[in-house]
Asker: 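Please read through the structure below; I'll follow up with questions.
Predicted model only: the values in this text are computed from it and were never measured.
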Amino acid sequence: MLKDEVELLPATLRRERMLQVIGERGFVRVADLAETFGISDVTVRADLAALQTTHAVRRVRGGVIAGGPERREPSFEEAAVEFAGEKQRIGEHAAAMVSSGASVLLDVGSTTTAIARALVARTDLEGVVVITNGLRVALELEPAIGRIEVVVTGGTLRPLQHSLVDPLGTVLLDRLHADLGFIGCNGIDAERGITNLNLPEAEIKHRMIAASERAVVVADGSKLGQIHLGRIARLEDVHSVVTGPSAPDHELARLRRAGAEVVQVE
């Protein structure tokens, strides 16, 4: 859309389209919104203030992200410090499932990054191929190149999680069949299945599950019982769920009653 066309938009319509841009990108700077919509920084801040009153966006240092304070998507850096010890143990358990010569799809996220670190620590592994849509994951694996071949999916960079998404994010995935897939998420529920806060990554996760011979969902215990906007898969679409000691007992029981194979690491 041309900037002079944007300037003619009513404030309500402009804010709706602004919200769409923020949702697609995850994190946007004020200056970028001003340039995109051909308006001043002052007008952008007024629009963001209006959107924040409805919890549609949240102002953060340097810009704005989608979602209100209770349902907003945490950045990778924020998520990495929450349940860090639990994620490390989940990562070690998941890495132990990988054998030499295996092909592995490794999703974006702080828990899957813990898997990457655990894979690097496994000096016994040889000839492993890891395909990832996470830039942080790829960098964690870099010291093991030679023993582990690292393939990055490509696609459009989403800054909040340093992830690669559509357009072009699913092209490679549609041509693969991996032995194992480790998938992260924001929510696992006995009835609603596996969900995610943002839609672009939810689609990539869905494709990763479809491309995996054995798909394993990895999530710290706080994710159990949570339901979010983006539907990734049904419980029956994945082989197992690996979680940690913080998982509520009643949610573990609900998942098992629903037929899910759940492993709780200590």
Side-chain angles (χ1 to χ4, degrees), residues 21-33 57-67 71-84 87-88 90-91 94-95 104-120 129-145 148-173 176 178 181-187 194-209 211 217-220 222-223 228-230 232:
V21 170
I22 296 166
E24 290 173 350
R25 299 183 188 177
F27 169 84
V28 189
R29 297 183 305 151
V30 169
D32 293 337
L33 289 172
V57 301
R58 178 178 172 85
R59 294 296 302 275
V60 296
R61 183 180 178 84
V64 62
I65 61 177
R71 301 291 284 184
R72 74 178 183 89
E73 179 185 10
S75 67
F76 175 90
E77 290 73 18
E78 289 174 304
V81 299
E82 296 179 344
F83 301 95
K87 291 173 181 178
Q88 179 183 346
I90 293 170
V104 180
L105 283 168
L106 194 49
D107 188 20
V108 67
S110 54
T111 304
T112 48
T113 301
I115 298 175
R117 294 191 189 108
L119 287 172
V120 171
V129 179
V130 175
I131 305 99
T132 183
N133 64 322
L135 298 187
R136 287 297 186 101
V137 171
L139 290 173
E140 287 288 346
L141 291 167
E142 188 174 6
I145 288 178
I148 300 176
E149 181 180 350
V150 182
V151 179
V152 180
T153 60
T156 303
L157 178 61
R158 189 170 182 270
L160 197 62
Q161 297 294 333
H162 317 301
S163 60
L164 298 168
V165 297
D166 275 335
L168 301 180
T170 57
V171 173
L172 178 62
L173 293 175
L176 293 177
F182 293 112
I183 314 300
C185 66
N186 296 122
I194 304 147
T195 56
N196 209 58
L197 275 163
N198 73 81
L199 295 176
E201 285 178 16
E203 176 62 22
I204 299 291
K205 294 170 191 291
H206 176 78
R207 299 290 186 96
M208 282 188 161
I209 289 172
V217 175
V218 291
D220 66 74
S222 70
K223 308 298 193 303
H228 296 285
L229 175 64
I232 297 171

Asker: After noting the C-alpha distance and the side-chain angles of Val21 and Leu33, does the key distance pass the side-chain contact (heavy atoms from CB on, under 4.5 Å) rule?
Answerer: CA-CA 9 Å; Val21 170; Leu33 289 172; 4.3 Å; yes
Asker: To the closest 0.5 Å, what do you measure between NE2 (His206) and OG1 (Thr170)?
Answerer: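 Answer rounded to 0.5 Å: 10.5 Å.
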Asker: So do the side chains of Leu173 and Leu105 get within less than 4.5 Å of each other, counting heavy atoms only?
Answerer: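 Touching, per the 4.5 Å side-chain cut-off.
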Asker: Restricting to side chain to side chain contact (heavy atoms under 4.5 Å, CB included), what partner residues turn up for Leu157, sequence neighbours left out?
Answerer: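 For Leu157, the residues satisfying side chain to side chain contact (heavy atoms under 4.5 Å, CB included) (neighbours in sequence not counted) are Leu135, Leu164.
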Asker: So, taking the atom named CG in Leu197 and the one named NE2 in His228, what distance separates them when rounded to the nearest 0.5 Å?
Answerer: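 Leu197 CG to His228 NE2: 4.5 Å, rounded to 0.5 Å.
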Asker: Grab the two heavy atoms, one from Leu199 and one from Gly230, that are nearest each other, plus how far apart they are.
Answerer: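 Minimum heavy-atom separation between Leu199 and Gly230: CD2-CA, 3.6 Å.
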Asker: To the nearest 0.5 Å, how far apart are CG in Asn196 and CG in Asn186?
Answerer: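 Result: 4.0 Å between the selected atoms.
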Asker: Does Phe76 reach the side chain of Thr113, with side-chain heavy atoms less than 4.5 Å apart?
Answerer: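 Yes, at least one pair of side-chain atoms sits under 4.5 Å.
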Asker: Look at Arg207 together with Glu203 and state whether they make a salt bridge at an N to O cut-off of under 4.0 Å.
Answerer: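 Yes, Arg207 and Glu203 are salt-bridged.
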Asker: So do Thr112 and Val218 actually touch side chain to side chain, heavy atoms under 4.5 Å?
Answerer: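 In short, these two side chains touch, coming nearer than 4.5 Å.
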Asker: Flag the pair Thr195 / Leu229 as yes when at least one side-chain heavy-atom distance between them is below 4.5 Å, and no otherwise.
Answerer: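 SC-SC contact between Thr195 and Leu229 ruled out.
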Asker: Tell me if the NE2 atom of His162 is crowded by more than 12 foreign heavy atoms within 6.0 Å.
Answerer: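 Yes, the 6.0 Å shell around NE2 holds more than 12 heavy atoms from other groups.
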Asker: CZ of Phe182 to CG of Leu119: how many Å apart, nearest 0.5 Å?
Answerer: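 Separation between the atoms: 7.0 Å.
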Asker: Determine, stepwise, if the pair Thr156 / Asp166 fulfils side-chain contact (heavy atoms from CB on, under 4.5 Å).
Answerer: CA-CA 6 Å; Thr156 303; Asp166 275 335; over 6 Å; no
Asker: Of Leu106, Ile183, Thr132, Ile232, which meets side chain to side chain contact (heavy atoms under 4.5 Å, CB included) against Met208?
Answerer: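 One option only clears the test, and that one is Ile183.
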Asker: Where is the tightest heavy-atom contact between Val120 and Glu140, given as atom of each residue plus distance?
Answerer: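 The pair with the smallest heavy-atom distance is CG2-O, 3.3 Å.
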Asker: Does the side-chain contact (heavy atoms from CB on, under 4.5 Å) test come out yes or no for Ile204 and Ser163, once each step is laid out?
Answerer: CA-CA 10 Å; Ile204 299 291; Ser163 60; over 6 Å; no
Asker: Could you measure the distance from the CD atom of Gln161 to the CD atom of Glu201? Nearest 0.5 Å is fine.
Answerer: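 Reported value, rounded in 0.5 Å steps: 5.5 Å.
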Asker: Would you indicate whether Glu142, at its atom CD, is surrounded by more than 12 heavy atoms from other residues, nucleotides or ligands within a distance under 6.0 Å?
Answerer: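 No - once you tally the heavy atoms of other residues, nucleotides and ligands closer than 6.0 Å, there are 12 at most.
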Asker: If you measure from CD1 on Ile22 to CZ on Phe27, what distance do you get to the nearest 0.5 Å?
Answerer: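 So the CD1 of Ile22 and the CZ of Phe27 are separated by 10.5 Å.
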Asker: Is there side-chain contact between Val104 and Val129, with heavy atoms separated by less than 4.5 Å?
Answerer: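 A side-chain contact under 4.5 Å is absent here.
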Asker: Side chains of Ile131 and Thr153: closer than 4.5 Å at any heavy-atom pair?
Answerer: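 Yes, side chains in contact.
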Asker: Report yes if some heavy atom in the side chain of Val108 is under 4.5 Å from a heavy atom in the side chain of Val137; otherwise report no.
Answerer: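 No, side chains not in contact.
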Asker: Given side chains that start at C-beta, do those of Val130 and Val151 come closer than 4.5 Å, heavy atoms only?
Answerer: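 In short, these two side chains do not touch, never coming nearer than 4.5 Å.
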Asker: Could you list the residues that satisfy salt bridge (Lys or Arg N to Asp or Glu O under 4.0 Å) with Asp32, not counting sequence neighbours?
Answerer: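 Per chain and number, Asp32 pairs via salt bridge (Lys or Arg N to Asp or Glu O under 4.0 Å) with Arg29.
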Asker: Yes or no on side-chain contact (heavy atoms from CB on, under 4.5 Å) for Val152 and Asn133, after CA distance, side-chain angles and deciding distance?
Answerer: CA-CA 6 Å; Val152 180; Asn133 64 322; over 6 Å; no
Asker: Over all heavy atoms of both residues, which pair between Ala219 and Cys185 is shortest? Give the atoms and the distance, please.
Answerer: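 Between these two residues, the closest heavy atoms are CB-SG, 4.2 Å.
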Asker: Is there a donor-acceptor pair under 3.5 Å between the side chain of Lys87 and the backbone N or O of Ile115?
Answerer: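 No.
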Asker: Compare every heavy atom of Ser110 with every heavy atom of Ala80, then report the nearest pair and how far apart it is.
Answerer: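 Taking every non-hydrogen atom into account, CA-CB, 3.8 Å.
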